[in-house]
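Below you'll find the structure, written out as structure tokens, and then a few comments.
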Protein chains: 2
Amino acid sequence: MSFHKHLRIYEDLITPYDQIRSGFISLALEKNKKATPFIEEAKALKVLASRAKDPKELLTINNINDALLTAAGISGKAKNHLRESDKQEAIRNLLENFLEPSGNSFIDELVYRFLLTRGDALGGRIRNLAGALGLWGFTRVFISTCSVRGLNLQYLDIKSQHWMAYNFEPEIEKQVKGLHWISDHHERTLIYNLTVPTVKKNVDICLLNASPHDITLGKNKDSAHYQSENYLALGELKGGIDPAGADEHWKTANSALGRIRKAFSDQNCYPKMFFIGAAIADHMAQEIYQQLNDRRLTNAANLTNEEQVVSLCDWLLNL
Amino acid sequence: MSFHKHLRIYEDLITPYDQIRSGFISLALEKNKKATPFIEEAKALKVLASRAKDPKELLTINNINDALLTAAGISGKAKNHLRESDKQEAIRNLLENFLEPSGNSFIDELVYRFLLTRGDALGGRIRNLAGALGLWGFTRVFISTCSVRGLNLQYLDIKSQHWMAYNFEPEIEKQVKGLHWISDHHERTLIYNLTVPTVKKNVDICLLNASPHDITLGKNKDSAHYQSENYLALGELKGGIDPAGADEHWKTANSALGRIRKAFSDQNCYPKMFFIGAAIADHMAQEIYQQLNDRRLTNAANLTNEEQVVSLCDWLLNL
DNA sequence: TAAACTCGAGTAA
DNA sequence: GTTACTCGAGTTT
């Protein structure tokens, strides 16, 4: 069985401690970079708000209404669910309960509360970035594995949505929405984050037995990705490094994989399924290994272990 | 089937829009309250840090080392995974890349970066609170349902870990780790967030056919909760209101319920299973309803619909 | 440096 | 406004 090439025992899947440490360090570095614009926002808010002599005057200043709402503890997400009157009420509460009681220092109070809410926003953005970093890491390994084989690659550019020839551009992984190659006269296309019509859900990594010419993303029902038979393999990738989230996110992935399996088997299709995770803890490693043994999963790898990921990519190239 | 008392069609499970709006408003109010100590921290940091003439001098000030680390973008969680040298490196980066370049305003830069990180911390704390609020809401309904029946209740006090008689104390729900009553000469004990030995996992709500005398929490293997046969029902409760999280967290709950079902059936035990969620979207409502129909679940309710929760509590009281 | 819980801060389609 | 993705900020035991 394919996974045996890189996994002898279930413990091989467990993330080594040092990878966790270095994962958190990388993430903190990214966070600091992304923090700068948030700091600039706060400085700008301080300048604008300083024109007000007292909290009530803040309401008369142009362009700080959104910032007031933010300082009132309303996230962008929450804002989407509020009515105009709710927003005004929130700002009124901010003034009454927090800014007016702080007297002369109401500007600092405002800016500080603004930053607290924005800090949560920054955290959210970083969590998305962490997921992207995981996928980029996988892509780098995948491309290298192809290069070793001397395969010609095309990639689907995420921005232009056009297929381009790959020519060893650095940081190409950040542009890749899909990859295409020909192997043993078979057309193969890998697509990331594809809404698979069979399951009506997004799947992180999909390997299709199809040429890019036959695939038009979007809701074109003639596209090859509308045919269940064209799917060779589907995988979930979890790029997060936090061990406290490992089991939580594996449970999610497990349900997602179950939905995929069910939807395809309802069509009498049985594509291979795989899981790649950066944070893998003991108990979930056992569950994953169990699923490999009973064929619910065909392959799995720890994203922090390059050898495992190479072996998994090699397996994908052989499908 | 018991769920039919409050669910006629799967759509009955879907959260009405207005509940989402009011849920976000309540959460923002809680967040503002909890934000105040974070603001105080920042003010204190500003005072202490202002003793430094330049960024390097910050290193000589007592008691602000943790705050420097926080300003360097290291969360409490990340800190747990770092070595001492990593922490010093992080602080060095903060000074070099962000504080020194900002010249005279390095104090504000420091405090602002501190607040960004703390804002993420506040968000985390609020997410925990949101879960507790959900459980408290369930508890209030459960207690009311018992009161209507004229049942005498004991509750397990979360702090003292002792069982006490319930006498209509206000806000009692915040103290409740478990409830006990006698119904038709049967001893019944409900325990929250119990690590169920059968599954070796925590379960949100467990109904045991046992008296409190027979239960000692912790790892006493003579306790009634070590016997799979003593479990009448186990349920997952998801108190979050965010519709964007609804499917995500249902997938987690679904895997958790699957593990429970598997662990008990391996012991030839088949306790009832149930799900209560505050944010229920269309597709997951269909999945839940399907599981009710095929008996994987015996009951389910939308936490924002009091009638549904009362009916579910009534069912628990009849088990 | 265990293990498994809380949930919404973002994001994209 | 829909749906479902990203994942770690806390927390407890």
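At a cut-off of 3.5 angstrom, counting only N and O atoms as typed in the model, there is a donor on one side and an acceptor on the other between the side-chain of B:Glu248 and the base of D:dC7. A donor and an acceptor atom never sit less than 3.5 Å apart when one is taken from the side chain of A:Lys201 and the other from the base of D:dA4.
Contact annotation for A:Gly76: backbone-only contact, meaning every heavy-atom pair under 4.0 Å involves sugar-phosphate atoms and none involves a base. Using a 4.0 Å heavy-atom criterion, one finds that A:Gly240 contacts the sugar-phosphate atoms exclusively.
Closest-nucleotide positions on DNA chain D for B:Lys177 and B:Ala78 were compared, and the one nearer the 5' end corresponds to B:Ala78. Each of B:Met284 and B:Asn202 has a nearest nucleotide on DNA chain D; the 5'-most of these lies closest to B:Met284.
Under a 4.0 Å N-O distance rule, the pair A:Asp120/B:Arg127 qualifies as a salt bridge. Salt-bridge formation is detected for the pair B:Asp66/B:Lys79: a Lys NZ or Arg NE/NH1/NH2 atom is positioned less than 4.0 Å from an Asp or Glu carboxylate oxygen.
In this entry the distance linking NZ of B:Lys174 with C1' of D:dT11 reads 17 Å, nearest Å. For the pair A:Asp247 CG and D:dG8 C1', the interatomic distance rounds to 15 Å; values are reported in whole Å.
Between B:Thr15 and the options B:Asn302, B:Asp282, B:Thr304, a side chain to side chain donor-acceptor pair (under 3.5 Å) holds for only B:Asn302.
By the 5.5 Å and 30° criteria, A:His249 is stacked with the base of D:dC7.
The CG atom of B:Leu194 sits 4.5 Å away from atom OH of B:Tyr231, with the distance rounded to the nearest 0.5 Å.
Near DNA chain C, meaning a heavy atom under 4.0 Å from it, residues 12-29 of chain B has B:Phe24, B:Leu27 in order of number.
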